[in-house]
Amino acid sequence: MKIAVLCILLCAWLPAQESSIAGAPSGLRCEYLADPVGIDVRQPRFSWVLEHSQRGQKQSAYQVLVSLKLEVAAGDQWDSGKVSSSQSVHVAYAGKPLGSGQTYYWKVRYWDSGDGASPYSSVARFETGLLEGADWKGKWIGGANQIRKEFTLISRPVRARAYIAGLGYYELRINGRKVGDRVLDPAWTTYDKRVLYSVYDITERLRQGPNAVAVMLGEGWFKSHALRIEIHAELEGGQSVDVATDPSWKTMSGPIQSDSVYNGEVYDARLEAPGWDRAGFDDAHWKPATLIEGPKGALSAQMMPPIRVVETLVPLKLTSPHPGVYIYDLGQNISGVMQIRVTGPRGTRVQLRHAELLYDDGTLNVENLQEAKATDVYILRGDGSDEVYQPRFTYHGFRYVELTGYPGTPKFDTLRAKVVHSDVKPAGGFTSSKQILNQIQRNILWGIQDNLESIPTDCNQRNERMGWMADAHLYAETAMLNFDMPAFYTNFLRDIRDVQGADGTVTDTVPHRYGSRPADPAWGMAYPLLTWYMYEYYGDRRILEQHFDGVKAWTDFLRTRSHAGILDYSYYGDWVPIEKTPGNLVSTICYYWSADLVSRMAEILGKSVDADAYRKLAAGIKDAFNGKFLNPESGVYGTGSQTAQILPLFLNMAPEGKRGGMLGALRDDIVYTRNTHLTTGILGTKYLFPLLTRTDNSDLAYELATQTTYPSWGYMVENGATTLWELWQNKTGPSMNSHNHPMFGSIGAWFYNALAGINPDPDKPGFERIVIAPQVVRDLQWAAGSLDTIRGRVSSSWRRADDGLRLEVSIPVGSEAEVRIPKLGMAAAGLSESGRIVWKDGHFQSGASGITSVKDDAGVLTVRVGSGDYAFGLKRE
Ligand code: BGC
């Protein structure tokens, strides 16, 4: 009672206090990264998440302060002032020019719709890398796989940084210990165009007196050794010291006898030189490092989540099919390496082989690894101590490990699995009442993360692991709905631009090793599509600006190869299908789609001449396409394959009058001819699901998604898959059959978009407007999805109830949503929100905070809401 009185008293005061309900902005990001160390963008962009306790809230203004001092208050580098704007993501720095190697502190506050000011956020930071080429004093040096240097500091360091580009891979060690937790660094790039460097804060690692910096080098994708380092240390007393690579560094080969991404590592611990990474080591017999020309590429800061050991797994099973041969089963296909713990006589050679499969007799089946040896060897030091070895410069794709040469009988804990991939954080979650979907979702998550190895790879096990471009765009949306991907794809888009030729061509793989130039048109689609997804999912207009010319040049190239609107060249088309689709049909669609995307991008960027020209180009291609591939008698495309219907229907290329018939034929083929199975390859598969949902066929999409007989995802699961296969078929021989190929993971986006119902709206990209449209299908009892967008968390979860449906939705502050609630066939349905009626007798009942309208759109109640958490209840009236 007393509390209520107090509340009434306080509430009388409230107008003056109103600002207190606008919470301090959280989740501060700079160029998509939290507190990045080493960025080289001159006008980095800031994003923050708005917090507010009221529904339907937006930002009306913001203020950003940037300072060289931790207190920030002064905003001595930039004080944006109070800027009237709803923009809370990608606000570009517009202060004093940024200096090299500086730490900047920043914070932000905002004003809500009622002009109530929030408190300031907590202080975030970003640190610049070396912004000018001339800032690099270090030279490229080469030599054996160990390089070292000692130096003396006359007083204690107060701030020290190491800038390192070490190719193929490096391990940086200072005063006896590894620096940082990155592995397989730096990211793989087109080294002639670009080499990435990493920045480490080494203040705590250096000390007054003698210091040693030591680097181990691996071959990586560079297949050679090249090192460039720059250490800047500011000392107590004001002096500063630079240590940089030059021929005074010393080199000697170390215990790593050979290393290769595909084949593994051979490590002879007898060749370790104890103390080589500490000051005072006698390196008189080491050779001087040599100055080398080095890779031609520009040095750029690596601005994405690095590769790390992300997780450690304990094997689930240990068997011994033959004496001395031990097989460990992780129960999961992973990317990574094994760590071994062993004691034994000097010179004992212990071998680890990795594979995805076993033969029936329990021995290792390495046939599908093709040329990749995937073998690590450790040769014991044998000094009586516990020896622990974990390969540094390789990774394998495997579930099973064969251990041989072990001195004695190995135990379960002899081996540990280290899961290694780009450390993108989980950003989403999907789960449902249908177990098979949850298992597929799990396989998708493993499959994708296993294939994020600084670039999106096709597979993780055989001698390939390339940035195949179709694979990349096919699983990109699923990746974006499950992981925090924008920095990763920003980097990959730059990788694509780096391979682009003066003639506009891009390549099948990026960086380009396998496949052709020009790329198959469906592979080259990665360039326009990934650019577009960055806009759609993250509202990134700068990406559109940066890649518009490149995407246009690729489209122009396709034009030079086309004849009367038809693009004939194709290598792979709708790859690995059950039923083939003509290559020129697929290529022409991709040509159309590229032109269409160029026109849409031009529209957004205000380039009206281009927008017009490419719209016309697309229209012309569409006509040519229909003229050539649409059979006027049967009313179907091409040979009638599912993919040949799906793609033009999905892209609205089919003449309007024919769409119904074509869709009917597609449905008939799936349901009757194929007994509810798809026959699609990687392209058709992706677009089949959104097409079915868009055309009110979600029930059928669900049946396909939960199918467990061949061909289907469920068939993979039933056959023991823990990731996704490359083929619908269950193959295990030496032919092409990877068991970890994420491209069919495209269906994962449909779980979010359709089953949970979370969709971005490209008209207000980056989830500023959201469409929540859950599909309540067949026997599905409930589904739930959530996604941490750049604007904050979006979630949608529904459950059937005896009398209707419950749906809970969260929309971030600053965003708005259209929530489409299916009436489940009820003639008359009422809708409540948190117990309050919002739709009754066919009319909107206003008054619920945050809800601006409810309409009945052909069996679906469409509710317009602002930010906030909502709990809807649909009931028969
Ligand atoms: C890769 C694919 C790739 C294809 C090109 C294969 O070897 O593993 O995923 O897209 O080649 O057709």
Side-chain angles (χ1 to χ4, degrees), residues 455-456 458 466-480 489 492-493 495-497 499-501 504-510 512 515-537 543-544 547-548 550-559 561-562 566-577 581-601 614 617-618 621-622 625 643-644 646-648 650-653 680-688 690-691 742-746 749 762:
I455 59 160
D458 60 331
M466 295 281 144
W468 281 99
M469 295 259 275
D471 310 48
H473 71 77
L474 288 167
Y475 68 83
E477 288 189 272
T478 306
M480 288 175 172
Y489 284 122
F492 190 61
L493 275 164
D495 288 340
I496 297 176
R497 197 178 54 196
V499 303
Q500 189 164 37
T505 52
V506 295
T507 48
D508 278 326
T509 55
V510 171
H512 187 208
S516 301
R517 174 190 294 282
D520 181 296
W523 271 240
M525 268 320 289
Y527 199 13
L529 279 177
L530 291 176
T531 305
W532 183 253
Y533 297 151
M534 282 298 296
Y535 178 73
E536 195 174 341
Y537 283 79
I543 284 273
L544 286 193
H547 294 285
F548 179 77
V551 170
K552 184 172 140 183
W554 165 243
T555 310
D556 290 345
F557 165 76
L558 295 179
R559 188 178 196 165
R561 294 290 298 267
S562 68
I566 301 297
L567 189 59
D568 271 325
Y569 94 89
S570 163
Y571 324 130
Y572 321 115
D574 186 36
W575 185 242
V576 292
T581 297
N584 56 355
L585 183 150
V586 173
S587 289
T588 304
I589 287 173
C590 294
Y591 175 35
Y592 164 81
W593 202 356
S594 297
D596 178 60
L597 283 170
V598 172
S599 141
R600 283 203 259 171
M601 290 177 196
Y614 287 83
L617 175 62
I621 301 168
K622 176 158 71 170
F625 176 84
T643 293
I646 292 164
L647 299 178
F650 175 77
L651 291 168
N652 295 321
M653 294 172 77
T680 44
I682 53 176
L683 297 171
T685 300
K686 170 160 182 178
Y687 300 103
L688 171 60
L691 172 69
M743 59 199 187
F744 280 127
S746 57

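Atoms considered below: every heavy atom in the structure, side chains included; atoms not considered: hydrogens, waters and symmetry mates.
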Residue pair Tyr614 / Asp556, side-chain donor-acceptor N/O under 3.5 Å: yes
Answer yes if the side chains of Thr505 and Arg517 hold a donor-acceptor pair under 3.5 Å, and no otherwise. yes
From [atom1] ([X]) to [atom2] ([Y]), nearest 0.5 Å:
X: Ile566; Y: Ile621; atom1: CD1; atom2: CD1; result: 9.0 Å
X: Ser562; Y: Asp568; atom1: OG; atom2: CG; result: 9.5 Å
X: Met601; Y: Trp532; atom1: CE; atom2: CH2; result: 6.5 Å
X: Thr680; Y: Lys686; atom1: OG1; atom2: NZ; result: 13.5 Å
X: Lys622; Y: Tyr592; atom1: NZ; atom2: OH; result: 4.5 Å
X: Thr685; Y: Leu688; atom1: OG1; atom2: CG; result: 7.0 Å

With the side chain counted from C-beta on, respond yes when [X] and [Y] share a heavy-atom pair under 4.5 Å apart, and no when they do not.
X: Val499; Y: Asp495; value: no
X: Trp523; Y: His473; value: no
X: Phe744; Y: Ile682; value: yes
X: Ile589; Y: Pro648; value: yes
X: Trp554; Y: Val551; value: no
X: Val586; Y: Tyr572; value: no
X: Asp574; Y: Pro577; value: yes
X: Tyr475; Y: Asp458; value: no

If every non-hydrogen atom of [X] is compared with every non-hydrogen atom of [Y], which pair is closest and at what distance?
X: Phe557; Y: Gly504; value: CB-C, 4.2 Å
X: Pro762; Y: Tyr535; value: O-CE2, 4.0 Å
X: Thr509; Y: Thr507; value: O-OG1, 2.8 Å
X: Ala522; Y: Leu683; value: CB-CD1, 3.7 Å
X: Tyr489; Y: Ala479; value: OH-CB, 3.6 Å

Could you go through Asp508 and Trp468, starting from their C-alpha distance and side-chain angles, then the distance that decides it, and tell me whether this counts as side chain to side chain contact (heavy atoms under 4.5 Å, CB included)? CA-CA 6 Å; Asp508 278 326; Trp468 281 99; 3.6 Å; yes
State which residue, out of Met469, Gln500, Arg497, Met466, fulfils the side-chain contact (heavy atoms from CB on, under 4.5 Å) condition with Val510. Met469
Give the C-alpha distance, both sets of side-chain angles, the deciding distance and a yes or no for side chain to side chain contact (heavy atoms under 4.5 Å, CB included) between Met534 and Leu544. CA-CA 8 Å; Met534 282 298 296; Leu544 286 193; over 6 Å; no
Show, in sequence, the C-alpha distance, side-chain angles and deciding distance for Tyr687 and Trp593, and conclude whether the ring pair (Phe, Tyr, Trp, His ring centres under 6.0 Å) test is met. CA-CA 13 Å; Tyr687 300 103; Trp593 202 356; 5.3 Å; yes
Does [Y] offer a backbone N or O that forms a donor-acceptor pair with the side chain of [X] under 3.5 Å?
X: Thr478; Y: Ala749; result: yes
X: Ser516; Y: Pro518; result: no
X: Thr588; Y: Leu567; result: yes
X: Asp520; Y: Tyr571; result: yes
X: Ser587; Y: Gly583; result: yes

Could you go through Tyr527 and Leu493, starting from their C-alpha distance and side-chain angles, then the distance that decides it, and tell me whether this counts as side chain to side chain contact (heavy atoms under 4.5 Å, CB included)? CA-CA 7 Å; Tyr527 199 13; Leu493 275 164; 3.8 Å; yes
Is Arg559 atom CZ crowded by more than 12 heavy atoms from other residues, nucleotides or ligands, each under 6.0 Å away? no
Can Asn584 and Tyr569 be said to form a side-chain hydrogen bond (donor to acceptor under 3.5 Å, both in side chains), step by step? CA-CA 6 Å; Asn584 56 355; Tyr569 94 89; over 6 Å; no
Provide the full list of salt bridge (Lys or Arg N to Asp or Glu O under 4.0 Å) pairs with a residue in residues 585-601, sequence neighbours left out, each pair given once. Asp596-Arg600
Worked verdict on Met525 versus Ser594 for side chain to side chain contact (heavy atoms under 4.5 Å, CB included): CA-CA 7 Å; Met525 268 320 289; Ser594 297; 3.3 Å; yes
